[in-house]
Amino acid sequence: MNFEYFCNTKIVMGIGKSKEVALILKDFVAPNSTIMIVSDPGVNKAGLVTPMERYLQEAGYSVIVFDQVSQNPRDNECLKGAELFREEQVTGLIAVGGGSPMDTAKAIALLGPNGGIPEDYVEGKKAYSNVAPLICIPTTAGTGSEVTRSSVITLSASHKKITLKHALLRPTIAILDPALTASVPKSITAATGVDALVHAIEGYTCKVTNPISKAMGASAMATIVEYLPKAYENGENLEARFKMQEGSLLAGLCFGSADVAAVHCLAEALGSLYDTPHGIANAVFLPYTIQFNSTENRPLHAELARIMDFAEKNDSDEVAINKLVDGLYAFTKALGIPTLKELSYVKFEDFEKMAELAEQNNSTSSNVRVITKKDYLEILNAAF
């Protein structure tokens, strides 16, 4: 099996490490430069942006804050940020928040220096180049975007999700400070945590995985299943918060050089139509998609059950797979993840469109089991 694995992001992790952002930044961007902090209104309101702004200003940087980011970032928001980047002659960016600010910051780091619109890069009309330095400081444990090469953007006009993907989009530095996640509400802790679990599962099982991704994914799965319930029950448990950021990071390193698969295809379709937060969308579909996939490569799915401690080592593959499916249903239910039907805005008559969008997703071909629009419809019906 031939494969490549590459990640040039410098990773700094530790409680309180976000306070060293200016010291870490100066090796890449000189003081007296203008830095753009990209965040969202919720993170800014929670008071997580102001300290970063102060640390940078005390070190001699000029700082502007761009927090006009939706929970599923839009192309027009990225373009607005890119325009501000050029107007203020920004030299580097710092993303503070979850996946949405980090994905938006990646797009701005690309569009700011190079111009164009996101579709230009997806369609090959413009080349990825000259991406501005970016530091990502995640405030949730879920997306892994701080180490991935991808930026998922929603087109405002069509609600279609597109993915900017290139090695140059990997952040320059990732600073993981578990203390920043301590105030995350239980529901968001659960949804983002299951999102990270999906990254690990799909990066491990997808058709384009590799041995390094699988090693990262196995560690991430074991860590998340053990520590997510603890972080969910007690948000101030810093050990659990630390381990969840570690698990999310490893999951990002897992799928970041492999791919995601059908769970994400359905989640992005749901998010496109209803603006459902990405973590919730993934969590809603996880058990049902695994049940569908588990008929393909049964030894692989039995491995998953043992890695996540749903099954015993001496269980047969058949028993292990049943325990995997049952275990994921119970795991997500205990975390308060809603069912698809409990998302009251979801309309049955939209399932055809959702299945169509899921099938069109580029990651459909990476799913461990061949999956069609008809199959996606069956999963949607089961989940509903």
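Computed from heavy atoms alone, side chains included, the values below leave out hydrogens, waters and symmetry copies. We're numbering straight along the sequence, starting at 1. Given the structure is predicted, the values throughout are model-derived calculations rather than measurements.
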Kindly determine whether Asp103 and Ser151 satisfy side-chain hydrogen bond (donor to acceptor under 3.5 Å, both in side chains), including the steps that lead there.
CA-CA 5 Å; Asp103 281 8; Ser151 168; 4.7 Å; no

Indicate the atoms forming the closest heavy-atom contact of [X] with [Y], along with that distance.
{"X": "Pro101", "Y": "Val38", "answer": "O-CG1, 3.6 Å"}
{"X": "Cys78", "Y": "Ile108", "answer": "O-CG1, 3.7 Å"}
{"X": "Met52", "Y": "Ile137", "answer": "SD-CD1, 4.1 Å"}
{"X": "Ile224", "Y": "Leu197", "answer": "CD1-N, 3.8 Å"}
{"X": "Thr91", "Y": "Pro133", "answer": "O-CD, 3.4 Å"}
{"X": "Val325", "Y": "Ser294", "answer": "CG2-OG, 4.4 Å"}

Looking only at side-chain N and O atoms, does Thr148 offer a donor or acceptor that is under 3.5 Å from a partner on Lys106?
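Yes, side-chain donor-acceptor contact under 3.5 Å.
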
Over 12 foreign heavy atoms within 6.0 Å of [atom1], [X]:
{"X": "Glu123", "atom1": "CD", "value": "yes"}
{"X": "Lys207", "atom1": "NZ", "value": "yes"}
{"X": "Lys19", "atom1": "NZ", "value": "no"}

Lys/Arg N to Asp/Glu carboxylate O, [X] vs [Y], below 4.0 Å:
{"X": "Arg241", "Y": "Asp177", "answer": "no"}
{"X": "Glu349", "Y": "Lys347", "answer": "no"}
{"X": "Arg298", "Y": "Glu318", "answer": "yes"}
{"X": "Glu226", "Y": "Lys230", "answer": "yes"}
{"X": "Lys80", "Y": "Glu83", "answer": "no"}
{"X": "Glu312", "Y": "Lys323", "answer": "no"}
{"X": "Glu77", "Y": "Arg74", "answer": "no"}

Just wondering, do [Y] and [X] contact through their side chains at under 4.5 Å, heavy atoms?
{"X": "Asp275", "Y": "Gln71", "answer": "yes"}
{"X": "Lys165", "Y": "Leu169", "answer": "no"}
{"X": "Asp309", "Y": "Val225", "answer": "no"}

Donor-acceptor pair, distance only, cut-off 3.5 Å: does the side chain of [X] make one with the backbone of [Y]?
{"X": "Asn114", "Y": "Leu110", "value": "yes"}
{"X": "Ser213", "Y": "Thr209", "value": "no"}
{"X": "Glu202", "Y": "Ala262", "value": "yes"}
{"X": "Asn72", "Y": "Thr276", "value": "yes"}
{"X": "Ser316", "Y": "Val319", "value": "yes"}
{"X": "Asn367", "Y": "Val370", "value": "no"}
{"X": "Thr189", "Y": "Pro185", "value": "yes"}
{"X": "Ser257", "Y": "Tyr5", "value": "no"}
{"X": "Thr172", "Y": "Leu134", "value": "yes"}
{"X": "Thr192", "Y": "Ile188", "value": "yes"}

Among pairs that include at least one residue of residues 169-226, which meet ring pair (Phe, Tyr, Trp, His ring centres under 6.0 Å), considering only residues two or more places apart or in two chains?
His199-Phe255, His199-His264

Assign the ring pair Phe351 / Phe384 to parallel, tilted or perpendicular, where the plane angle (0 to 90°) is split at 30° and 60°.
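Phe351 vs Phe384 ring planes: perpendicular.
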
Take Asp75 and Ser156 through the test side-chain hydrogen bond (donor to acceptor under 3.5 Å, both in side chains) and record every step on the way to the result.
CA-CA 6 Å; Asp75 57 340; Ser156 303; 2.7 Å; yes

Less than 6.0 Å separating the ring centroids of Tyr329 and Tyr288?
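Centroid separation for Tyr329 and Tyr288: below 6.0 Å.
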
Working for side-chain hydrogen bond (donor to acceptor under 3.5 Å, both in side chains), residues Asp67 and Ser39
CA-CA 5 Å; Asp67 69 352; Ser39 190; over 6 Å; no

So, using salt bridge (charged side-chain N to carboxylate O under 4.0 Å, His left out) as the criterion, who are the partners of Arg86 when residues are at least two apart?
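Partners of Arg86 under the salt bridge (charged side-chain N to carboxylate O under 4.0 Å, His left out) test: none.
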
Which one of Thr295, Asn297, Asn293, Asp375 satisfies the side-chain hydrogen bond (donor to acceptor under 3.5 Å, both in side chains) criterion with Arg369?
Thr295

Measure from NZ or CZ of Lys373 to the centre of the six-membered ring of Tyr376, then state whether that distance is under 6.0 Å and the direction lies within 45° of the axis.
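Verdict for Tyr376: no cation-pi partner in Lys373.
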
Before you tell me yes or no, could you show the steps for Lys17 and Glu20 under salt bridge (charged side-chain N to carboxylate O under 4.0 Å, His left out), namely the whole-Å CA-CA distance, both residues' side-chain angles and the distance that decides it to 0.1 Å?
CA-CA 5 Å; Lys17 283 293 180 181; Glu20 300 175 17; 3.5 Å; yes

